[in-house]
Enquirer: 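Okay, here's the structure, questions in a sec.
The chains referred to below are lettered A, B, ... by the order of the sequence lines, with proteins before strands, and numbering in each begins at 1. Side chains are part of it too, since the values below use all heavy atoms of this structure and drop only hydrogens, waters and symmetry mates.
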2 protein chains.
Amino acid sequence: MSYDPSAFPPFAVTVDLVVLTVRRHALCALAVRRGEAPYKGRWALPGGFVRADEDLTQAAARELAEETGLHAHAPSVPAQDNGAHLEQLATYGDPGRDPRMRVVSVAHLALAPDLPAPRAGGDASNARWAPVEELLRHEGYGRDGETAAPLAFDHAQILADGVERARSKIEYSSLATAFCPTEFTVGELRRVYEAVWGVALDPRNFHRKVTGTPGFLVPTGGTTTRQGGRPAQLFRAGGATLLNPPMLRPEV
Amino acid sequence: MSYDPSAFPPFAVTVDLVVLTVRRHALCALAVRRGEAPYKGRWALPGGFVRADEDLTQAAARELAEETGLHAHAPSVPAQDNGAHLEQLATYGDPGRDPRMRVVSVAHLALAPDLPAPRAGGDASNARWAPVEELLRHEGYGRDGETAAPLAFDHAQILADGVERARSKIEYSSLATAFCPTEFTVGELRRVYEAVWGVALDPRNFHRKVTGTPGFLVPTGGTTTRQGGRPAQLFRAGGATLLNPPMLRPEV
DNA sequence: GATCATAGTCGTCTCACTGACGATAAACAC
DNA sequence: GTGTTTATCGTCAGTGAGACGACTATGATC
């Protein structure tokens with residue numbers, strides 16, 4: 001209970017980012033290649049130290065901008081324009097999670113629409129969107145040599161926690177729209193759910209559900225045929241953030 | 001991105017605890033009186049520094065034991081014996097949240113059955129169970145002079161976040177049983193929901209719902225009349241942790 | 001231009017579950 | 001006994017989800 005300033009051990013505090021997007025029907029996360037020991041050459045989550053005068057959320061938003069150019073939204077605001085949803089995920093502080101010193105990492109979760117190629121400090125070869133399934137396939141039997149090695153530090157755990165958060169949160173919130181561009185169709189939104197949950201959903205029931213939930217979607221009046229087939233109405237995210245009743249994730 | 005050990009600012013890392021219980025039909029939190037500046041004499045959440053060789057969860061469990069004598073459970077295990085549910089809540093790291101230095105606090109949420117009086121380092125007058133409604137009533141117009149002042153630091157925000165977590169989590173998990181003793185009746189469990197949500201629930205529908213959810217409750221065979229009225233069956237928590245379909249919180 | 005493939009949209013039917021609420025049961029206080 | 005309290009069982013109507021049929025509007029192919 002004592003706050004004697006000489007009595008507490010010093011920690012380094014970092015933010016690590018789980019940046020998720022949906023590309024080619026797969027849930028993908030941003031990974032950067034480590035340029036230094038430890039885990040040199042291995043893939044890791046983007047992140048960095050929290051500065052002395054910086055809030056944790058500010059630090060996460062700064063790192064996100066540095067890695068992706070994305071502008072972060074406050075958690076309550078639905079993703080519009082070119083912004084990403086950003087929220088705190090959890091904090092990881094095992095002694096020994098970093099072999100060099102005692103580091104406590106405050107992980108954040110960011111959800112972004114499909115983006116152009118990532119840039120890590122301008123060096124594209126050191127950053128990539130990788131399917132989370134691939135990043136979490138630890139054993140390294142995949143044919144892609146680059147991702148055969150598990151993520152550095154405890155980042156596999158952090159990524160898994162972030163994915164699980166995203167999977168559960170799109171059930172009861174309108175967060176899935178954060179994966180979509182400003183204007184999107186019901187089918188595009190459905191493909192987001194299908195990619196994040198890894199299941200197939202009935203297009204007719206999905207359409208009835210999302211268009212029937214007040215505040216979830218607002219029609220823009222336009223239509224598009226970019227998915228082929230019959231033209232689909234365009235929507236943008238409505239003001240509702242909590243869905244009641246929630247979307248039901250098929251299970252069992 | 002650089003990990004130059006001389007390039008990061010040092011932080012103090014603490015754990016703060018939101019310890020909730022249900023007493024006399026009210027959701028209560030453990031509060032301790034601060035013995036030192038800043039906020040000397042004000043009520044605060046229990047907490048303390050994370051030690052150099054300690055995991056965050058270990059630190060939270062240690063603080064919990066020091067303040068209450070409670071033995072913490074792993075998050076996956078339902079509360080049995082004399083243990084409490086413990087899970088990480090969120091991390092608070094505003095510069096300036098502690099006027100003396102840069103402190104990052106990893107808040108944890110603990111749920112406990114109704115306990116004997118708290119003990120803070122053996123001094124009972126410096127620890128108490130207070131209704132959360134009272135602790136969060138910042139303005140200080142209450143007639144109880146002791147709680148007229150808001151909680152120290154950003155602890156009102158932390159407490160509010162913890163209460164909100166508990167309120168939402170008993171919807172879709174069996175966590176409400178963590179507020180009950182090992183053996184309890186359906187009526188006692190219902191009073192937990194009523195206290196946490198601050199609503200009245202229909203006893204008949206509640207009974208149908210909880211006894212009809214597989215894995216939620218297992219009858220022990222015994223009965224009790226400790227609540228008065230007709231004897232009620234005793235149950236203990238079943239193995240299920242996720243309730244599907246969830247309990248529905250009345251709203252609107 | 002007819003046909004086909006693809007996606008979107010509207011409807012219908014059934015079943016499960018909930019909320020409202022009546023009725024009965026088993027204890028205690030008087 | 002009578003009244004009070006709490007527990008427990010039943011009924012009924014309304015809501016919403018899953019399964020799935022039917023129709024529509026576009027581009028691609030022959």
Enquirer: Calculate the interatomic distance between B:Arg230 atom CZ and C:dA27 atom P; express it in whole Å.
Expert: 9 Å
Enquirer: On DNA chain C, compare the nucleotides closest to B:Arg208 and A:Gly229; which residue's is nearer the 5' end?
Expert: A:Gly229
Enquirer: Write down the distance between NZ (B:Lys209) and P (C:dA16), rounded to a whole number of angstrom.
Expert: 15 Å
Enquirer: Measure from the side chain of A:Ala232, starting at C-beta and using heavy atoms only, and say which of C:dT9, C:dA25, C:dT18 lies closest.
Expert: C:dT9
Enquirer: Quickly work out the A:Phe184 CZ to C:dG8 C1' distance and round it to whole Å.
Expert: 16 Å
Enquirer: Return the set of residues passing side-chain hydrogen bond (donor to acceptor under 3.5 Å, both in side chains) with B:Lys169 (not counting sequence neighbours), or none when no residue passes.
Expert: B:Glu87
Enquirer: Measure CZ/A:Arg204 against P/C:dC13 and give the value in whole Å, please.
Expert: 15 Å
Enquirer: How far apart are the closest heavy atoms of A:Leu159 and A:Leu45, and which atoms are they?
Expert: N-CD1, 4.3 Å
Enquirer: Taking 4.0 Å as the cut-off, does a side-chain nitrogen or oxygen of A:Arg190 come that near to OP1 or OP2 on C:dT9?
Expert: no
Enquirer: C:dA27 P sits how many Å from B:Gln233 CD, rounded?
Expert: 13 Å
Enquirer: Could you check whether A:Tyr193 and A:Phe206 have their ring centres less than 6.0 Å apart?
Expert: yes
Enquirer: In whole Å, what is the span from the CG atom of A:Asn205 to the C1' atom of C:dC15?
Expert: 14 Å
Enquirer: Okay, side chain of A:Thr213, backbone of A:Phe216: is any donor-acceptor separation there less than 3.5 Å?
Expert: no
Enquirer: Which value, rounded to the nearest 0.5 Å, describes the distance between B:Tyr92 atom OH and B:His155 atom NE2?
Expert: 10.0 Å
Enquirer: Calculate the interatomic distance between B:Asp202 atom CG and C:dA20 atom P; express it in whole Å.
Expert: 7 Å
Enquirer: I need the A:Leu27 CG to A:Glu194 CD distance, nearest 0.5 Å.
Expert: 13.5 Å
Enquirer: Would you grab the first and last nucleotide of DNA chain D (5' to 3') that comes under 4.0 Å of any non-hydrogen atom in chain A?
Expert: D:dA17 to D:dT26
Enquirer: Could you give the CD-to-P distance, from B:Gln227 to C:dA25, as a whole number of Å?
Expert: 23 Å
Enquirer: Which sits closer to the 5' end of DNA chain D, B:Gly228 or A:Pro245, going by the nucleotide each is nearest to?
Expert: B:Gly228
Enquirer: Looking only at non-hydrogen atoms, find the nearest pair between B:Ala237 and B:Phe184 and report the distance.
Expert: N-CE2, 3.8 Å
Enquirer: From the set C:dG8, C:dT9, C:dG19, return the single nucleotide nearest to any side-chain atom of A:Arg191.
Expert: C:dG8
Enquirer: Take B:Pro246 and A:His207, find for each the nucleotide of DNA chain C with the closest heavy atom, and name the residue whose nucleotide sits nearer the 5' end.
Expert: A:His207
